[in-house]
Structure formats: C-alpha cells, structure tokens
Amino acid sequence: SDAEGVYKVIDEARWRRVWEQEIFQKIFQVVQKYVRALALKQPGTRALQGLIDYFDKNSPALEAMCTDLAPHSVELCKSPHGNHVLKKLVEKVRPEKQASIVEHIRCKGADVVAKDQCGCRVVERLFKHAPEHARSLMPDLDRHALKLAKSDFGNFAMQSRLRHCSARDRSELIRQLTPHTLGMTTKKTSSNVVELMLELGTPEEREAIARAFLEAESAEDALEQVAQAKFGCFPVTRLLEFGTPSIFEKISERLTPHVVELARGPGRRVVEAMLKMGSVQLRDDIARALLNAEGAHAVEEVAVDQFGCHVIRSLLALREFWISEELFKRLIPKVMQLALSHGHCVVELMLELGTADVRATIANTFLDAPHPNSLDLVAKNEFGCSVVGHLLKSRVPQISERVFKKLSPHVPHVPELAMLKHGHRMVELMLECGTRKEQEDIANRLLYAADPHSLEQVALNDFGRFIVGSLLELDVSWISAKVSERLDLDLARAGVRRRVEPEG
C-alpha cells in the first residue's frame with residue numbers, strides 16, 4: 001500500500017508538472033530503507049522508476065538508491081519487476097556506479113544472468129550504456145558463447161555484446177563462433193546471432209563464414225539445404241546482402257538450379273535477394289527456370305503458394321517486359337483463384353503495374369463472375385477483400401463505379417455485416433471508397449439499426465469496433481457528432497485507437 005501511495009504521488013506530480021528535485025528527494029528519503037522491497041513489487045517498481053526519471057544524473061538521492069540496490073543486482077536481474085529498476089539505473093547513473101552493478105553480476109556469473117528471461121535485458125543495457133565496464137563480463141559470456149547463442153534469452157545478450165563492443169572484441173567472438181555457424185542455423189535464436197555476425201563483421205570474417213557454408217561436408221549441411229531451412233534461409237540471405245561480389249556469385253551459382261524448389265518454401269527469401277541484387281542475366285535465368293517449371297512447380301501453382309507468391313511479386317516488380325508479358329498471359333486466367341488465396345498480393349500488383357486493358361480484363365473477371373465467386377463473396381473473403389479494395393481505389397473511374405454498384409445491394413445489411421469477421425472489411429472498404437452520399441447512407445443504416453445490431457452493439461463487437469473507428473475518421477462532421485452522442489466518448493475514441501493498437 002505504501003508503494004502504491006508513492007506511485008500516486010509521483011503520478012500526480014507528473015500531471016501537475018511539478019519538476020522540483022527537492023520534492024522527489026524528500027519522497028526518496030521516506031522510502032529509502034524499503035527500496036529493495038519496493039523494487040521487487042509491481043507498484044513499488046513503478047514508483048522507483050518514476051523517481052529515477054525525475055532525478056538528475058548527479059543527484060545524491062540517485063547515487064544513494066544505486067548504492068542501496070547494487071548489492072542486490074543479481075536478485076533484481078531475475079525479478080520481473082526489479083529488472084526494470086536496474087535497467088533505469090544503468091541508463092542514468094554515473095560510470096563509477098555502473099561499475100558496482102557490473103561487479104556484482106560478474107561475481108555471480110554473467111552467463112547465468114544472461115540466460116535468465118529478465119537478466120538478459122539488464123546485460124543488454126550494460127553493453128549499450130556502460131560498454132567499458134561491461135567488458136569485464138565478456139570472459140564469462142565468451143566461455144559459454146555457443147550455448148548462450150542458442151539460448152532463448154542468452155542470444156539477446158550475445159547480440160548486444162556483438163553490437164556494442166569494440167571492433168577487436170567483436171572479431172574475437174566472430175572467430176570463435178565461425179566454425180559453428182552451420183549448426184547455429186538450425187535454431188532461430190542462434191540464427192539471429194549469425195545474421196548479426198555477417199552484418200557487423202569485416203569482409204574477411206564474412207568470407208570465412210561463407211566458406212563454412214560453401215564447403216559443408218555432410219548433405220544435411222549443404223548450402224542448398226540450409227537455404228531452404230526455416231531459419232537457415234536468413235543467414236544465407238544476409239550473405240548475399242553483405243558478402244563480396246565473389247561470395248554472391250558463388251552462392252547464386254550453387255542455388256540457381258534449385259530456385260523452383262526454394263521458391264515454394266522459406267528459401268523464397270534467398271530467391272528474392274538474388275532477384276533484387278543479381279545481374280540481368282541471373283534474373284533472366286531465374287525467371288526462365290520458374291516459367292518453364294511444370295506440374296506442382298508451375299508458375300500458376302507457385303503464385304498461390306504462401307511463399308511462392310512473394311517470388312512472383314518480385315518477378316513482376318522487375319518490370320522487365322518479356323517477364324511481365326509472360327506472367328500476365330499465364331496468370332490472368334487464374335486471377336479468381338489467386339484472389340481467394342495467398343496469391344491476392346500478386347493480383348494487386350498486376351492491377352498496379354498492368355496496362356488499362358489488363359486492369360479492365362481483371363476487373364471484368366470479378367464483376368462477371370457467377371456464384372460462388374460473385375464479387376460480394378470475394379469481398380467477404382479474408383484474402384479477396386484486399387483485391388476488392390484495390391478495384392474500388394482503381395485509377396479508372398468506370399471500374400470503381402461498377403464495383404461499388406455491384407456491392408450496393410448489401411448496404412441495407414451493413415449492420416449485420418459490420419459484426420462479421422470478414423464482412424466488416426467490405427463495410428470498411430465501402431466507407432473508405434464511397435462518395436459522400438454513399439458514406440452518409442451507410443452511416444444512417446448503422447445509426448438507426450435496432451438490436452442486436454444497434455450501434456452500441458456494433459461498437460462492442462470485436463469486428464464492429466473497426467467500423468465505429470471508420471465512422472469517426474470520416475470527413476463528415478455530423479456523422480462523428482452523432483456517433484459520439486450515441487456512444488460513451490471513451491468507447492468512441494477506443495474505436496479509432498484500436499484500429500492502430502489492437503492490444504492497447
């Protein structure tokens with residue numbers, strides 16, 4: 001209860017814009033003997049963090065707090081509440097006080113603290129804000145470097161150590177880990193460490209890591225397998241991005257014959273990197289390989305795949321005439337299938353990059369489609385709604401007008417649609433792209449609907465709240481005034497806020 005009271009005093013001072021150091025020093029004098037206990041509890045940790053925020057860097061009270069808490073550094077590191085206080089202190093106090101925190105952690109074992117869910121955060125802050133003192137933690141961390149890199153939390157400490165230490169210390173760690181890089185690509189945590197090694201390493205160090213990938217002895221560790229692996233694809237992509245031209249050439253030469261298989265798995269990132277940074281000849285080779293594939297690897301099948309669709313987008317984005325022409329010819333007959341799958345992003349890019357004739361052909365496919373692929377059902381689909389949005393925003397007025405006209409029979413059912421998982425997206429699109437008269441018609445339907453689809457019920461619905469947010473964002477003053485009048489003001493604002501922050 002005391003901790004809660006201190007927090008309320010600090011919070012009130014914040015709102016009243018009371019900034020006098022003396023007030024906060026007096027508050028600290030009252031609670032000083034309880035400082036450890038406060039740091040380990042939720043209201044207490046917030047109170048102490050508030051005090052630290054207001055203390056000057058050279059404040060005697062801040063130094064006294066650090067002196068009192070430093071002997072309990074390891075306990076605070078492992079506390080879900082105490083670690084936040086320690087992080088704030090590391091950021092704020094003078095270097096000599098940072099050294100006392102580092103020393104207590106070093107005595108316990110930096111590797112033990114770094115593997116802890118909360119402790120790793122403190123070690124990260126020490127390397128960021130006190131790199132000279134944190135250097136004394138390196139021997140412990142480096143002795144267990146491989147284990148920490150594979151640890152769920154220790155990897156964050158190792159990444160911070162790589163990012164904030166001197167070039168010489170960084171090179172020592174990279175040389176130590178280079179022989180193990182292939183094994184590190186099997187886990188997300190250690191794969192992140194390998195990526196950072198490639199990003200921050202010298203050209204010679206990147207060359208050494210590339211040799212480890214290219215000269216793997218076992219079939220399981222072969223470059224082709226690593227590039228297709230769930231986590232291995234990330235370091236291979238980094239090699240292409242940060243490696244020398246000779247590294248890029250060697251890797252692309254090995255992987256080009258396998259692009260069709262790579263495109264339909266996590267390896268699609270590697271293919272995209274090759275398309276982005278490769279020569280015209282390499283891009284043409286990849287395009288031909290994909291366009292000439294048959295069966296399950298045909299370009300039409302790749303385009304609907306959750307991985308392959310990104311590769312097809314990258315091919316279209318190259319804007320090379322012969323590639324685009326061939327893709328349009330192959331994919332336009334399949335736009336409905338694409339729109340209702342992960343391939344919707346391919347259709348959207350085709351609408352953006354295609355000629356007026358291409359856009360008209362795609363639009364007519366949707367407008368003339370019979371049930372069960374009618375436009376209204378596409379608009380309610382989790383993938384298709386995005387394509388309908390592109391049609392509504394089309395640069396060709398005739399297309400957007402025809403699409404809205406096709407959806408207009410559903411305006412009377414807007415209150416029900418607003419509360420459905422995918423139906424609410426259609427209502428959002430109509431509000432966003434409609435004329436003022438059409439927006440007012442939809443708003444009136446929502447404002448005067450009866451239970452169980454009244455505006456109040458829509459606002460409380462998981463999907464309907466997005467529609468309330470859309471109403472408040474319209475540039476029509478009477479609509480936002482009516483919505484605010486009908487609903488609690490905080491609830492109305494939440495509709496807008498939750499569009500941006502679902503977890504807020």
Side-chain angles (χ1 to χ4, degrees), residues 1-110 112-130 133-134 136-137 153-154 156-157 160 503-504:
S1 60
D2 290 338
E4 190 66 51
V6 174
Y7 178 70
K8 285 178 179 176
V9 169
I10 294 167
D11 203 41
E12 187 176 348
R14 183 191 294 122
W15 286 110
R16 293 188 180 185
R17 300 193 176 280
V18 178
W19 308 111
E20 288 80 2
Q21 290 279 315
E22 294 78 11
I23 293 175
F24 296 105
Q25 286 178 10
K26 286 178 182 177
I27 293 173
F28 177 69
Q29 287 169 8
V30 173
V31 300
Q32 185 172 5
K33 59 183 176 180
Y34 309 113
V35 73
R36 173 186 160 276
L38 285 169
L40 295 170
K41 295 180 180 177
Q42 188 178 21
T45 187
R46 291 188 294 167
L48 292 180
Q49 287 176 71
L51 286 172
I52 293 168
D53 283 336
Y54 288 113
F55 285 149
D56 185 72
K57 190 171 186 176
N58 298 313
S59 165
L62 185 66
E63 293 197 3
M65 186 189 295
C66 190
T67 302
D68 292 340
L69 289 177
H72 308 288
S73 293
V74 175
E75 183 184 13
L76 292 170
C77 278
K78 296 188 175 185
S79 163
H81 307 303
N83 80 89
H84 298 297
V85 176
L86 207 57
K87 286 190 296 182
K88 284 269 187 187
L89 282 174
V90 167
E91 292 173 19
K92 199 82 178 271
V93 298
R94 292 185 294 162
E96 56 267 27
K97 292 296 179 182
Q98 292 172 334
S100 64
I101 295 172
V102 171
E103 183 58 27
H104 283 92
I105 291 174
R106 189 187 67 78
C107 291
K108 175 68 178 178
V112 176
V113 175
K115 281 189 287 188
D116 185 77
Q117 181 175 3
C118 301
C120 68
R121 303 170 190 168
V122 178
V123 176
E124 282 185 86
R125 295 299 169 91
L126 285 169
F127 276 109
K128 184 176 181 180
H129 296 282
H133 299 301
S136 64
L137 303 178
F153 306 112
F156 297 113
S160 187
E503 302 297 327

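No experiment lies behind these values; they were computed from the predicted model shown. Values below: every heavy atom of this structure, side chains too, minus hydrogens, waters and symmetry copies.
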Discussion item. Going by side-chain contact (heavy atoms from CB on, under 4.5 Å), name the residues that satisfy it together with His81, two or more places apart in sequence or in a different chain.
Written reply: Gln42, Thr45, Ser79
Item to complete: Report the residues that fulfil salt bridge (charged side-chain N to carboxylate O under 4.0 Å, His left out) with Arg125, sequence neighbours left out, ordered by chain and then residue number.
Response: Glu91
Worksheet item: Quick one: are Val90 and Lys128 in side-chain contact, heavy atoms under 4.5 Å?
Response: no
Worksheet entry | Gap between atom CD of Gln49 and atom CG of Leu38 - 0.5 Å precision | 12.0 Å
Worksheet item: So do Ile105 and Leu126 actually touch side chain to side chain, heavy atoms under 4.5 Å?
Response: yes
Practice prompt. Check step by step if side-chain contact (heavy atoms from CB on, under 4.5 Å) holds for Val122 and Leu76.
Written response: CA-CA 9 Å; Val122 178; Leu76 292 170; over 6 Å; no
Worksheet, complete the sentence: In short, Leu69 meets Leu89 closest at the heavy-atom pair CD1-CD1, 3.7 Å
Worksheet item: What residues, two or more places apart in sequence or in another chain, satisfy salt bridge (charged side-chain N to carboxylate O under 4.0 Å, His left out) together with Arg94?
Response: Glu63, Glu96
Worksheet entry | Arg121 side chain near Phe156 side chain, heavy-atom distance below 4.5 Å | no
Worksheet item: Does Thr67 have any side-chain hydrogen bond (donor to acceptor under 3.5 Å, both in side chains) partners at least two apart in sequence or in another chain, and if so, which?
Response: Lys97
Discussion item. Just so I know, are the side chains of Asp68 and Arg36 near enough to count as touching, which here means a heavy-atom distance under 4.5 Å?
Written reply: no
Worksheet entry | Any residue meeting side-chain contact (heavy atoms from CB on, under 4.5 Å) with Ser160, in chain and number order, not counting sequence neighbours | Glu124, Phe127, His164
Worksheet, complete the sentence: side-chain hydrogen bond (donor to acceptor under 3.5 Å, both in side chains) filter on Lys88, not counting sequence neighbours, yields Asp53
Discussion item. If the condition is side-chain contact (heavy atoms from CB on, under 4.5 Å), which residues does Ala70 pass it with, not counting sequence neighbours?
Written reply: Ser73, Ser100, Ile101, His104
Worksheet entry | For Ala114 against Cys120, the heavy-atom pair lying closest together | O-CB, 3.2 Å
Worksheet item: How about Asn83 and Cys77: do any of their side-chain heavy atoms sit closer than 4.5 Å?
Response: no
Worksheet item: Who pairs with Ala64 by side-chain contact (heavy atoms from CB on, under 4.5 Å), at least two apart in sequence or on another chain?
Response: Phe28, Gln32
Worksheet item: Is Lys92 reaching over with its side chain to a backbone N or O of Leu62, donor-acceptor style, under 3.5 angstrom?
Response: no
Item to complete: Report yes if some heavy atom in the side chain of Val35 is under 4.5 Å from a heavy atom in the side chain of Met65; otherwise report no.
Response: yes
Practice prompt. Output all residues satisfying salt bridge (charged side-chain N to carboxylate O under 4.0 Å, His left out) with Lys78, sequence neighbours left out; order by chain, then residue number.
Written response: none
